[in-house]
Amino acid sequence: MPSAQPLPDILDSLVALTAQRERRTLEISLLTTLRELLKDCTVALYNCRWIDGHPWWRIQLDSLDELPQQNQPWTLPGSKMLRILLQQDERQDVYSTDTGLCLPLYQANQVVAVLMITPHEGVQVDHTLLLALARIHENFLNLLHASDSDTLTGLFNRRKFDNQLFARVAQQQAGTPRLPYLALLDIDHFKQVNDTYGHIIGDEVLLMLAQRMQQFFGEDDGLFRYGGEEFAILFSAVSDEKAQAVLEGFCTRIATQPFPQVGQVTVSIGFTRLGSCMVPAQLIERADKALYHSKSHGRNQVNQFEALQQLGMVSEAEVASGDIDLF
């Protein structure tokens, strides 16, 4: 059995773990802490996503690697792990697997991540310490979710959007095959929905739109409720044309799938390519001008700021004005 970790080291690890304010850095801190405390074990963290009630998972971090795993594919877990994720067997804090130990991490009573511990031969793991660290991580994961999420739709909120946009602008790298984009999306004539059907039905429209966004866009795309009936999307595509096609596909999906009690709902979208030489406020202004153009030229359409600029329809100095019902 490995020697007990000195108390000051454990406390230092807990301080580092609880200082994190982003899920990614929280996960890295947890794995770093476990790597130090369980020197004779291999530790891996898997993230889980649920599609139509079925769990998919992919490796997120591995203690054998210096850097987090990137762009790993989502796969269906094996039969034993599937039973654990679906909680088909008696729920346990720590499960035994063919290779070691498994600790599910929960959010709103649903598994969102899994810790896999593989001890070296002859090594026994302190379950009490391991479980305590897992629950601390789980508690902070839930706190982060509560502070980053919109209470109605479950999408990320405006605070998270500001942080993510700033981070994506700062982290841009030349030569990457995919280009980053910001899109602003607005529900057309949403005030009429509230006036005709009431705010409860209006909230249901917002919630259903958010769910359709989650179904349409990829796991790595950032989806945000920007405010009221306006939403923001941070995504990537190989070209402006592909980005336009993706957003137009979403417009079509919304327009052709009726909303209960309301019927047809359409959205207008404006988007822009993220540039490393621009500050977030400039990017938001560009996407907002493209959105204004979409709403003032018929709605239920997608426009890119750069394309409109080439046609002389918008400019950096232009300020959206008029009496069009935008929000």
Side-chain angles (χ1 to χ4, degrees), residues 1-50 55 57-69 72 77 81 84-87 89-97 99-120 123-151 154 156-157 159-160 163-164 167 219:
M1 179 180 296
S3 59
Q5 192 79 8
L7 183 59
D9 291 347
I10 295 177
L11 293 177
D12 287 343
S13 297
L14 291 178
V15 170
L17 182 65
T18 57
Q20 309 307 321
R21 292 297 178 268
E22 295 289 339
R23 176 169 178 171
R24 188 72 167 173
T25 55
L26 181 65
E27 291 170 340
I28 294 172
S29 181
L30 172 67
L31 213 71
T32 301
T33 298
L34 290 173
R35 184 185 298 177
E36 290 299 319
L37 296 179
L38 306 175
K39 295 182 181 297
D40 296 318
C41 300
T42 299
V43 185
L45 179 69
Y46 288 75
N47 277 349
C48 296
R49 64 182 302 191
W50 294 78
W57 74 340
R58 69 178 180 186
I59 191 167
Q60 181 77 350
L61 298 169
D62 191 330
S63 64
L64 296 178
D65 298 327
E66 291 299 323
L67 295 175
Q69 297 280 342
Q72 296 296 309
M81 182 56 60
I84 292 174
L85 296 178
L86 292 173
Q87 300 177 19
D89 298 330
E90 181 181 354
R91 181 166 170 174
Q92 304 173 35
D93 293 325
V94 181
Y95 294 85
S96 296
T97 68
T99 59
L101 304 174
C102 162
L103 285 83
L105 302 177
Y106 296 89
Q107 184 173 287
N109 208 36
Q110 186 175 72
V111 179
V112 293
V114 178
L115 273 173
M116 302 293 292
I117 313 296
T118 305
H120 297 173
V123 173
Q124 296 183 13
V125 177
D126 185 339
H127 285 207
T128 302
L129 178 60
L130 180 61
L131 185 59
L133 287 172
R135 292 297 170 257
I136 290 172
H137 174 81
E138 191 175 79
N139 289 342
F140 270 80
L141 195 62
N142 280 280
L143 286 174
L144 286 178
H145 176 75
S147 66
D148 290 343
S149 300
D150 174 62
T151 54
F156 288 132
N157 57 23
R159 186 195 75 85
K160 182 70 171 180
N163 292 339
Q164 285 288 307
E219 177 73 14

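We use all heavy atoms of the structure for the numbers below, so side chains are in, but hydrogens, waters and symmetry mates are not.
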Query raised in the report: Which pair of non-hydrogen atoms, one from D62 and one from R35, has the smallest distance, and what is that distance?
Result: O-NH2, 3.9 Å
Query raised in the report: How close do G100 and P119 get, heavy atom to heavy atom, and via which atoms?
Result: CA-CD, 3.9 Å
Measuring from atom [atom1] of [X] to atom [atom2] of [Y], what distance do you get when rounded to the nearest 0.5 angstrom?
{"X": "L37", "Y": "L130", "atom1": "CG", "atom2": "CG", "result": "9.5 Å"}
{"X": "L105", "Y": "H137", "atom1": "CG", "atom2": "NE2", "result": "5.0 Å"}
{"X": "T33", "Y": "L133", "atom1": "OG1", "atom2": "CG", "result": "6.5 Å"}
{"X": "C102", "Y": "D93", "atom1": "SG", "atom2": "CG", "result": "11.5 Å"}
{"X": "D40", "Y": "Q124", "atom1": "CG", "atom2": "CD", "result": "12.0 Å"}
{"X": "I136", "Y": "E138", "atom1": "CD1", "atom2": "CD", "result": "11.0 Å"}

**Report entry** Side-chain donor or acceptor of Q60 paired with backbone N/O of L45 under 3.5 Å
**Finding:** no
Flag the pair [X] / [Y] as yes when at least one side-chain heavy-atom distance between them is below 4.5 Å, and no otherwise.
{"X": "W50", "Y": "Q110", "answer": "yes"}
{"X": "R49", "Y": "R58", "answer": "no"}
{"X": "L85", "Y": "P104", "answer": "no"}
{"X": "V111", "Y": "Y106", "answer": "yes"}
{"X": "K160", "Y": "N157", "answer": "yes"}
{"X": "I117", "Y": "T97", "answer": "no"}

Requested in this report: Starting from the C-alpha separation in whole Å, work towards a yes-or-no answer on side chain to side chain contact (heavy atoms under 4.5 Å, CB included) for M81 and Y46.
Outcome: CA-CA 12 Å; M81 182 56 60; Y46 288 75; over 6 Å; no
Report task. List for me each residue that meets side chain to side chain contact (heavy atoms under 4.5 Å, CB included) alongside N139, sequence neighbours excluded, and say none if there are none. Result -> none
Query - Step-by-step side chain to side chain contact (heavy atoms under 4.5 Å, CB included) determination, L115 to L30 - result: CA-CA 10 Å; L115 273 173; L30 172 67; 4.1 Å; yes
Report task. Could you give me the CA-CA distance, side-chain angles and deciding distance for L129 and L38, then say whether side chain to side chain contact (heavy atoms under 4.5 Å, CB included) is met? Result -> CA-CA 10 Å; L129 178 60; L38 306 175; 5.7 Å; no
Query raised in the report: Where do L101 and H127 land on the side chain to side chain contact (heavy atoms under 4.5 Å, CB included) test, with the steps shown first?
Result: CA-CA 9 Å; L101 304 174; H127 285 207; 3.5 Å; yes
